[in-house]
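Computation of the quantities below employed the complete heavy-atom set of this structure, encompassing side-chain atoms and omitting hydrogens, waters and symmetry-equivalent molecules. Every value quoted in this text rests on a predicted model; they were computed, and no experiment measured them.
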Amino acid sequence: MLPIDAAAHSSRWRRRHPVDKAVLGLGLTALAISLPPWPGGALVLVTALLVLLGPAGVPGRRLWRAYRVPLGFCVTGAVTLLVQVGGPGGMVSLADGGPLRAGELLLRTSAASLGVLLFAFTTPMSDLLPRLVKAGVPAPVVDVALVTYRMSFLLLDSVRRIREAQAARLGHMSRAAEWRSLAGLGAVAFVRAFDRATRLQAGLAGRGYDGTLRVLVPEARVSVRFTAASCVLLAALAALTLVLEKALP
């Protein structure tokens, strides 16, 4: 199980309906995208951090491990705005207003990423995917997503076991051995993935699979109070951004 999925299963908001958490998490993401980066993006970023580390109860170290990956993409995208190719400055030169645009992009994207992580850290996929059928998503699409989600964990576990076996046999002692081990890892993982898929298909056929995977979904109701509080928070952030935008230079 991935660390972010394990955190979602042990979250304080585990028993809340996904709609409650989607209104808050994805609402913060929408505000980060639509509001001005300053001060809107900064307000959304701080609010998302406070909710994640406070009411949601996400450990700071675990949040950083998950956040540093999208943050790296945000930084990479922002750095490209610092330079321009061609023009009177030469082949590559500093772009006019590049630092400002880079900072705005970094602020906007990093805040939006935290909003998505708020939803991911509190909502297991096993709770979300089965409910998509009631939202109008075709059942076969949801079934494929469920199977892919399950198979991904099995594949990652197989890769981990293979790497441990290779390391025990001194398969990583040199660069040449590392390349041979990597090639063997890819070949074995590919074969095992097809073998597991074949066995899964045979097992479903033996159990009378009729095109729909039926799973037990934990009962949960949409909390009107939680959803209303989330909407009030989002509206307050939007209003505060508009006020500060006029007051700040």
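- Minimum interatomic distance between Thr29 and Ala112 (heavy atoms only, all atoms of both residues): OG1-O, 3.2 Å.
- The heavy-atom pair separating Arg14 from Ala8 by the smallest distance is CD-O, 3.5 Å.
- Nearest heavy-atom pair across Leu155 and Ala189 is CD1-O, 3.9 Å.
- Between Ala78 and Leu106 the shortest heavy-atom distance is CB-CB, 4.0 Å.
- Between Ser11 and Phe121, every side-chain heavy-atom pair lies at or beyond the 4.5 Å cut-off.
- Atom CZ of Phe190 sits about 12.0 Å away from atom CG of Asp195, to the nearest 0.5 Å.
- Applying the 6.0 Å contact sphere to CZ of Arg199 captures more than 12 heavy atoms from other residues, nucleotides or ligands.
- Hydrophobic cluster membership is shared by Leu52 and Trp64, with clusters built from Ile, Leu, Val, Met, Phe, Trp and Tyr side chains linked at under 4.5 angstrom.
- With values rounded to the nearest 0.5 angstrom, Phe226 atom CZ is found 10.5 Å from Cys231 atom SG.
- Residues forming a side-chain hydrogen bond (donor to acceptor under 3.5 Å, both in side chains) with Arg161 (at least two apart in sequence, or on another chain): Asp157.
- Note: Arg163 CZ to Ser181 OG = 8.0 Å, rounded to the nearest 0.5 Å.
- Note on Leu35 and Leu233: same hydrophobic cluster, where clusters join Ile, Leu, Val, Met, Phe, Trp and Tyr whose side-chain heavy atoms are under 4.5 Å apart, directly or indirectly.
- With values rounded to the nearest 0.5 angstrom, Leu114 atom CG is found 5.0 Å from Leu49 atom CG.
- Side-chain contact between Thr241 and Pro36: present, with at least one pair of heavy atoms (C-beta onward) separated by less than 4.5 Å.
- Residues forming a side-chain hydrogen bond (donor to acceptor under 3.5 Å, both in side chains) with Arg225 (at least two apart in sequence, or on another chain): none.
- Across every non-hydrogen atom of Gly184 and Gln166, the tightest pair is C-NE2, 4.2 Å.
- Checked by atom type and distance alone, the side chain of Thr109 never pairs as donor or acceptor with a backbone atom of Cys74 at under 3.5 Å.
- Both Leu234 and Leu244 are part of a single hydrophobic cluster, where members link through side-chain heavy atoms under 4.5 Å apart.
- The two residues Pro55 and Leu50 come nearest to each other via the heavy atoms CD-O, 3.5 Å.
- Hydrophobic clustering, with ILVMFWY side chains joined whenever heavy atoms are under 4.5 angstrom apart, keeps Val75 apart from Phe73.
- Residue Ser110 holds its OG atom at 9.0 Å from CG of Leu105, rounded to the nearest 0.5 Å.
- Within 6.0 Å of CZ on Arg175 lie no more than 12 heavy atoms contributed by other residues, nucleotides or ligands.
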Step-by-step side-chain contact (heavy atoms from CB on, under 4.5 Å) determination, Leu237 to Leu28: CA-CA 9 Å; Leu237 286 174; Leu28 289 173; 3.6 Å; yes
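- Partners of Thr227 under the side-chain hydrogen bond (donor to acceptor under 3.5 Å, both in side chains) rule, at least two apart in sequence or in another chain, are Asp20.
- Judged by distance alone, the side chain of Arg12 and the main-chain N or O of Gly54 form a donor-acceptor pair under 3.5 Å.
- Here the side chains of Ser223 and His17 are not in contact, with every heavy-atom distance at 4.5 Å or above.
- In the hydrophobic clustering of ILVMFWY residues, with side-chain heavy atoms under 4.5 Å counting as a link, Val46 and Leu240 come out apart.
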Could you check Thr122 against Arg16 for side-chain contact (heavy atoms from CB on, under 4.5 Å), going step by step and ending with a plain yes or no? CA-CA 9 Å; Thr122 56; Arg16 289 194 176 276; over 6 Å; no
Show the numbers, then the answer: is there a side-chain contact (heavy atoms from CB on, under 4.5 Å) between Val51 and Trp13? CA-CA 11 Å; Val51 174; Trp13 293 350; 3.6 Å; yes
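- Rounding to the nearest 0.5 Å places CG of Leu24 at 5.0 Å from CG of Leu118.
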